Amino acid sequence: MAPLRLFFPPPQNWPDFETLTASTAERVYNPHSVDIVGRSGQYQGGLDLWISGLEIGIQCKRHLKLDPNGLPRPGGSLNAKELRTAVEETDNGPWPLKKFILATTAPASADLVLAAHVLSKERAELDRCSVTIWFWDQFVNHLNNYDPLARHYYENVLQIRSDDDQDRKIIDVVTRAFFRPAFEDPIDKEHGDNFKQALEDTVHALNTGERIDRNQRHTFEAAHGGRSAVLKDDWRQKLDELYDEVALLRQTFALAIKQNKIVMHSGYLQPLDPITEQFINEHRHAIQAGARQLRQDAGLP
């Protein structure tokens with residue numbers, strides 16, 4: 001009997017996908033070492049990973065698609081133009097490449113395999129590196145065929161073993177979006193633009209399970225699907241209630257700005273109406289208390 005083969009969902013976090021790709025490359029190209037090229041925000045010459053001694057460079061792309069609720073999840077399509085753009089970015093970089101690999105959470109595509117083959121032939125005539133694509137299907141094969149890789153990432157790193165574990169992972173990531181100055185500092189201590197962006201980012205976290213870095217504007221932590229993906233009814237309902245409360249807070253804040261009950265002074269918020277100020281301060285604390293209670297209900301610290 002053939003061994004049971006499992007499907008592994010792509011990592012929600014981009015850093016998890018990068019490190020999974022690095023570990024997979026270490027298995028494929030053993031004993032050559034795989035180095036991570038810089039960090040997010042630094043110039044990387046079109047590469048995320050570099051395999052020294054073989055002159056192989058890897059760029060990681062975590063593509064998104066929409067689930068039945070219209071929310072983003074890994075696995076969206078990749079096109080030939082993106083492939084060409086990715087490899088051409090390395091032509092002006094410092095890397096003496098012999099092979100370029102585009103690692104993606106997108107599903108396998110015969111058209112893209114052909115596009116990579118044609119592109120490799122074109123580049124060979126120009127004495128430039130060949131092009132290969134690692135689709136998510138290939139990662140699944142490696143995870144099925146190499147148990148230490150699967151155990152490390154899907155038990156130790158992602159720490160998902162059951163439906164409740166998945167729910168807890170979502171709640172853990174999403175509720176941490178509430179423990180920030182936008183829900184803690186008095187409104188007259190808040191910078192207007194930062195406060196508005198923090199509320200938008202909190203709604204994004206609730207809807208998608210993705211937390212966004214305030215400065216770099218990239219996803220640094222995520223859990224599959226956000227509030228709509230939570231299976232336990234009570235927990236999902238409490239996340240929906242948190243969403244409604246944040247929506248009310250945003251509406252109240254927008255109306256207060258429009259009616260000049262809160263004004264901006266040197267970028268910072270200056271409440272002019274004590275009742276509005278009190279409501280916003282108390283409502284934010286109540287929202288945070290609700291998030292803390294949900295964590296407690298889910299058995300999270």
Side-chain angles (χ1 to χ4, degrees), residues 10-29 32-66 72-140 142 153 208 210-222:
Q12 288 282 338
N13 292 347
W14 185 88
D16 284 343
F17 180 53
E18 183 185 66
T19 53
L20 173 58
T21 303
S23 295
T24 303
E26 287 174 351
R27 178 178 180 240
V28 172
Y29 293 108
H32 295 275
S33 62
V34 179
D35 299 316
I36 294 178
V37 179
R39 64 176 186 273
S40 180
Q42 292 183 328
Y43 175 70
Q44 297 171 286
L47 298 182
D48 296 305
L49 305 171
W50 173 251
I51 304 174
S52 56
L54 296 177
E55 286 70 58
I56 297 175
I58 304 176
Q59 183 180 124
C60 303
K61 280 194 176 294
R62 188 177 64 91
H63 272 69
L64 299 178
K65 65 179 179 181
L66 298 180
R73 62 192 299 179
S77 62
L78 178 72
N79 60 53
K81 182 179 178 180
E82 288 178 284
L83 175 63
R84 182 178 291 272
T85 299
V87 68
E88 287 180 351
E89 184 181 358
T90 68
D91 291 339
N92 298 319
W95 309 103
L97 279 174
K98 292 183 179 178
K99 176 186 283 189
F100 172 82
I101 299 173
L102 185 66
T104 175
T105 56
S109 163
D111 289 342
L112 280 173
V113 171
L114 178 59
H117 175 69
V118 171
L119 188 54
S120 291
K121 289 186 66 176
E122 292 177 6
R123 294 177 63 81
E125 295 176 0
L126 300 172
D127 197 27
R128 291 178 176 172
C129 68
S130 63
V131 180
T132 301
I133 307 175
W134 283 3
F135 297 101
W136 183 246
D137 306 64
Q138 291 162 272
F139 285 94
V140 170
H142 285 292
Y153 279 91
T208 68
E210 296 188 348
R211 294 182 62 208
I212 299 176
D213 180 85
R214 189 181 73 180
N215 297 317
Q216 299 295 327
R217 306 309 301 163
H218 68 267
T219 300
F220 67 90
E221 184 179 30

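Keep in mind the model is a prediction, meaning the values are calculated, not measured.
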Stepwise side chain to side chain contact (heavy atoms under 4.5 Å, CB included) test for L119 and V87: CA-CA 10 Å; L119 188 54; V87 68; 3.7 Å; yes
Looking at every non-hydrogen atom in both residues, tell me the closest pair between [X] and [Y] and how far apart they are.
{"X": "A25", "Y": "I58", "answer": "CB-CD1, 3.9 Å"}
{"X": "A80", "Y": "L112", "answer": "N-CD2, 3.5 Å"}
{"X": "Y29", "Y": "K99", "answer": "OH-NZ, 3.8 Å"}
{"X": "W50", "Y": "P96", "answer": "CH2-CD, 3.9 Å"}
{"X": "W136", "Y": "P11", "answer": "CH2-CD, 3.5 Å"}
{"X": "T21", "Y": "F139", "answer": "OG1-CZ, 3.5 Å"}

Aromatic plane relationship, H142 with W134 - under 30° parallel, 30 to 60° tilted, over 60° perpendicular: tilted
Partners passing side chain to side chain donor-acceptor pair (under 3.5 Å) against T90 (at least two apart in sequence or in another chain): none
Residue pair L97, L47: steps toward the side chain to side chain contact (heavy atoms under 4.5 Å, CB included) verdict: CA-CA 10 Å; L97 279 174; L47 298 182; 4.2 Å; yes
Checking [X] side chain against [Y] main chain: does a donor-acceptor pair fall under 3.5 Å?
{"X": "S120", "Y": "V131", "result": "yes"}
{"X": "D137", "Y": "A108", "result": "yes"}
{"X": "Q59", "Y": "D48", "result": "no"}
{"X": "R123", "Y": "C129", "result": "yes"}

Would you give the length of the straight line joining atom [atom1] of [X] to atom [atom2] of [Y], rounded to the nearest 0.5 angstrom?
{"X": "N79", "Y": "S109", "atom1": "CG", "atom2": "OG", "answer": "10.0 Å"}
{"X": "L49", "Y": "S33", "atom1": "CG", "atom2": "OG", "answer": "11.5 Å"}
{"X": "S130", "Y": "H117", "atom1": "OG", "atom2": "NE2", "answer": "11.5 Å"}

Criterion side chain to side chain contact (heavy atoms under 4.5 Å, CB included) on I56 and K98, from CA distance to verdict: CA-CA 6 Å; I56 297 175; K98 292 183 179 178; 5.8 Å; no
CA sep, side-chain torsions, deciding dist, call: I101, I133, side chain to side chain contact (heavy atoms under 4.5 Å, CB included): CA-CA 5 Å; I101 299 173; I133 307 175; over 6 Å; no
Ion pair R84/E122, N-O distance below 4.0 Å: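 Salt bridge flag = yes for E122 with R84.
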Any residue meeting side-chain contact (heavy atoms from CB on, under 4.5 Å) with V113, in chain and number order, not counting sequence neighbours: F135
